[in-house]
Amino acid sequence: FIFCTDENSLFSTYQWFGILSPFLFVWLVTLFRMLGTTAEDFFSPSLEMFSIKMGLPPRFAGVSLLAFGNGAADVSATISAIVSDPNSGYKMSLGALTGAAMFIGTVVAANVIIAAGGVPCRGALVRDVFMFTITLMVVYYYLLMGKIGPGAISTFFSMYASFVVIVLIADIYHRAVVVPRLKTISEMKEHSRQLEEGRKAQEAAGIALEEVASQTTDNDNNLGPGSYGENNFRDEPPVKNRALNAILTALSNYGPVNGQGNNNTSNSNLFSGPSGGWGISGDQLEEERLVTLHGVNGILNKRNLNSPVAKNETKVHHDTNEDNMPSSPYTAMVDESNDGFYLDRLCTSTGHPISTAHDLSSAFKDGTDEVCLHFINFWNDIWYNDENRFLDKFLLAVEMPFSILRKLTVSVPCDGYYCRGLIALSFALSPLWMGFYIYKQMEINLFLFGGFPYIEIATAISFLIAVLILRFAPAEDGAMPMMLSAPIALYGFVIAATWVDTIADQLVDVLNFLGIISHIPNSVMGLTILAWGNSMGDLSANVTMAKKGLANMAMTACFAGPIFNILVGLGAGFTALSTKTGEPEKDVDLSTSMSVGFLFLLCNCLLILSVGLFWSTGRITKDYGYCLFALYSVYLLSSLFFEFGNQ
C-alpha cells in the first residue's frame, strides 16, 4: 500500500518505508530463522530416520537424503526466487547461490580452520573441492551459452547423481575391502606386540631364548623387536590393484574425525596407502557409528554430556533436565570411535519396554498431559533458559506463534521430539494446513471444491488415525515400531515441505519488495542479504563442530553443501519455471558481477587445493584462514563495483 501515495497522502513512499523498516527487518530475520528451523526441526528428522533404518553408509547418506534435508531451505529459496519473477528471478537465485557458496567457502571455512588450528587436506575434502570446481565450470558454461533448457537441467541432475554414485561406490569399497584389511592388520600388530612383550618378559627373567626366538622369527615373517610400531609395520595383506585401492580409499576417506591430524605430515606419506595420509590406519579402526549433531544427544547441543568437550570438563551439571529441553534433531552421519553414539539412539529407541494407554479415556488424559507438558517446556526454554540472551528471547518470542503452528501440523516421531499426544494432535490438524496451503499456492478451495468437502473428510479420517496413535502408540519412554513411525514420518516430511515452500515464498517476496524500494538489483540482494541469511546456520554449526573436534567434517561440508544447492537448486528451479511458463528454454543473461562470482569461486577452490596439497604438504594452516577473509572482502567489493558500475 505504500506505493499508492499521492500529494494528499500523509506520508510519502520513502517515509512509509522508514516507518515500516524496523518491522520489515524483524520480519526478514524471523523468516530466515523460520526457514532454517523448519528444515532442521521438522523436515530433516524424517530423512534421517529413513537413512538410519535403511542402513545407508554414512558418507552416502550425507550426500543423498541428509543433503536433501540440510539443503531444503536453500533449494526452496532458489526455486521461489526463479519462479517469482520469470524474467529476472534467476538473477537473485544465482546471486544467492554464488554469494552463499563464496561466504561458506571463505568466511565459514576460515572460521573452521582458525578454530581448529588448521585442518588436514584429505581425500573427502579434495574430492568435494574438485567436484565443486567441475560444477562451477559446467554451470558457468551453460549460463554463458545464454539458454537453460532440458539439456542443461538434465546435466545438472546427472552430475549430482554421478557424485552420489561415486561416494556410494567408495563407501561400499570401504566397508567390503578396507575395513576387513585394516582389521587383519590390527590383529597382526596385536599378535606381534604380544610376542615381543613375551620375549621381553622372558629375557628379564634371565631365560635364554635363542632357539625359541629363532623359531618365532621364522614363523612371524622375521618380525623382530622394534618392527611393530604403527609407522613401520610392513606385514599388510596384499592389494591386487594398488592404484584403484588408493583412489577409492581417498574418495571414502574414513579417518579420524577430530580434524587435528598430524602437523608433521610429509610428502612421502601424503598419498600413501590404506594407512597413510588419505585413508585410516589400523590404530584408528573402530566400528563406524552415527554422530548426532543436534537433538538431545547431539554434538551441537550445549547440554549434551556425550560430546568430546563435555567429557573433558571437570564440572558437569547433572541436574539439567535434558529430556524436557527442545532442540534440533538435525544429524550428520559420520564414522566415530567415541563411546556413547549408537545407531538406535535416534528416532526409535529399542532398549525400553513399550508402554501404551490402557483405554481411550486414559489415552486422552495421557495425551493431554503430554501436550501440556511439551508446551510448558517449550515456553520455559524461551523465557527461563539462561543460555538465551535478550535478543534470542525477543526473536524466539516473535517466532513463537509460527513455531506453535508448525508443531500443531507437522508430526515428528523422532527421539528428542517424540511426544505421543503432540504427534496425534498434529496428525489430526494437518489437513487443515494442507487445505490452506493448496488454496494459497494454487487458488483451489478444497474445503468446498465442486460442492464436495475434501478437507473436512480428510480431517475426519486423520482424526480417527490420531485416536489410534494416541491409544496404541508407545509412551514417551517407549519404542514406536518402524511400521508405525515410518508412515507418520513420511507424512510429516510432506507437511514440513509445504511449510518450507511457504516460508521461502514469503522471504523472496520481502527481498523483492526491499529491492524495489531501495533500487537494489536482484543479483545484489541475492549475493548479500539472501546469501548471508541462508549461511548463518552453516557458520554457527560448522564452527561449533570444529571447536568440538569435528573440523574435518565441518570443512568438507563447506564445499559439499554448495554442490547440492547449485546443481539441484538450479535444476529444480528452472524445471519449475518451465512448468509455470510452458516454455522449454529460458534465456539468461550472465552479468559481469555474476561472472566475477564464478571466477572467485574457482580461485578459492584452486587455492584450497594448492595450499593444502602442495604448499603446506597435506594441511591447510591457520594462517591461510586469515587470507580467506581478505579473499571474500575483495570478492564482495568487486561484485558490487561491477554491478553498480554497469548501471
Side-chain angles (χ1 to χ4, degrees), residues 31 35 39 67-68 71-101 135-136 138-161 437-444 494 497-516 520-527 529-531 533-534 562-591 593-595 597-598 643:
L31 287 173
L35 191 62
F68 185 42
D74 302 276
V75 171
S76 183
T78 300
I79 297 173
S80 297
I82 294 176
V83 175
S84 64
D85 185 359
N87 294 324
S88 59
Y90 70 91
K91 294 182 179 179
M92 178 183 287
S93 67
L94 285 174
L97 291 172
T98 55
T135 297
L136 293 172
V138 171
V139 172
Y140 183 77
Y141 167 77
Y142 279 106
L143 293 174
L144 198 62
M145 295 297 292
K147 288 183 180 295
I148 300 294
I153 295 173
S154 300
T155 301
F156 296 159
F157 286 132
S158 299
M159 286 181 62
Y160 194 78
Y437 171 79
I438 294 174
Y439 178 76
K440 181 181 177 297
Q441 295 293 111
M442 308 175 186
E443 297 184 354
I444 300 176
V494 174
T498 63
W499 271 100
V500 171
D501 184 50
T502 301
I503 297 171
D505 286 345
Q506 295 299 315
L507 178 61
V508 171
D509 289 342
V510 173
L511 291 177
N512 283 328
F513 171 77
L514 294 176
I516 294 173
I520 298 177
N522 284 345
S523 58
V524 175
M525 294 295 293
L527 67 89
I529 298 178
L530 186 55
N534 284 338
I563 295 174
F564 177 85
N565 295 339
I566 291 177
L567 291 177
V568 178
L570 289 179
F574 281 104
T575 299
L577 180 63
S578 177
T579 303
K580 179 180 179 179
T581 61
E583 299 176 359
E585 291 186 342
K586 168 63 181 174
D587 293 331
V588 294
D589 179 25
L590 191 62
S591 64
S593 62
M594 294 181 192
S595 299
F598 278 94
E643 183 63 41

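Hydrogens, waters and symmetry mates are skipped; everything else that's a heavy atom, side chains included, is used. In this chain, numbering begins with 1 at the start of the sequence shown.
Within 6.0 Å of OH in Y439 there are 12 or fewer heavy atoms belonging to other residues, nucleotides or ligands.
The only option from L136, V138, T98 that meets the side-chain contact (heavy atoms from CB on, under 4.5 Å) definition with I566 turns out to be L136.
Between I82 atom CD1 and S84 atom OG the span is 9.0 Å, to the nearest 0.5 Å. Here the straight-line distance linking atom CD1 of I503 with atom OG of S76 works out to 9.0 Å at 0.5 Å rounding. The structure places CG of N512 at 12.0 Å from CD1 of I520, a figure rounded to the nearest 0.5 Å. The distance from atom OG of S591 to atom CG of L143, rounded to the nearest 0.5 Å, is 10.0 Å. Rounded to the nearest 0.5 Å, atoms NZ (K440) and CD (Q506) are 5.0 Å apart.
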CA sep, side-chain torsions, deciding dist, call: M525, L514, side-chain contact (heavy atoms from CB on, under 4.5 Å): CA-CA 9 Å; M525 294 295 293; L514 294 176; 4.0 Å; yes

Given side-chain contact (heavy atoms from CB on, under 4.5 Å), test S523 with L94 step by step and report yes or no. CA-CA 7 Å; S523 58; L94 285 174; over 6 Å; no

Take Q441 and D501, measure what side-chain contact (heavy atoms from CB on, under 4.5 Å) needs, and give me the verdict at the end. CA-CA 10 Å; Q441 295 293 111; D501 184 50; 3.2 Å; yes

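Between I79 and A576, the shortest heavy-atom distance links the atoms CG2-CB, 4.0 Å. Nearest heavy atom pair, residue E583 against residue S578, reads O-OG, 2.9 Å. Minimum heavy-atom separation, A77 to V508: O-CG2, 3.8 Å. The minimum heavy-atom distance between L527 and A531, with the atom names listed, is O-CB, 3.6 Å. Nearest heavy atom pair, residue M159 against residue T135, reads CE-CA, 3.7 Å. The two atoms that bring Y142 and A152 nearest to each other are CD2-CB, 3.5 Å, heavy atoms only.
Residues D74 and F564 form no side-chain contact, since every pair of their non-hydrogen atoms from C-beta on lies 4.5 Å or further apart. Within the 4.5 Å cutoff, the side chain of M92 has no heavy atoms near those of the V524 side chain. By the 4.5 Å heavy-atom criterion applied to side chains, K147 and V588 are not counted as neighbours. With a 4.5 Å cut-off on side-chain heavy atoms, L530 and L507 count as touching. Looking at heavy atoms from C-beta onward, L577 lies in side-chain contact with P86 at the 4.5 angstrom threshold. L31 places none of its side-chain heavy atoms less than 4.5 Å from the side chain of L35. Looking only at side-chain heavy atoms (C-beta outward), V568 and F156 stay at 4.5 Å or farther from each other. A heavy-atom distance below 4.5 Å is found between the side chains of I153 and I148.
Taking the six-membered ring where tryptophan is involved, the planes of Y90 and F574 are tilted, since the angle between them lies from 30° to 60°.
For D85 and S88, the side-chain atoms include at least one donor-acceptor pair closer than 3.5 Å.
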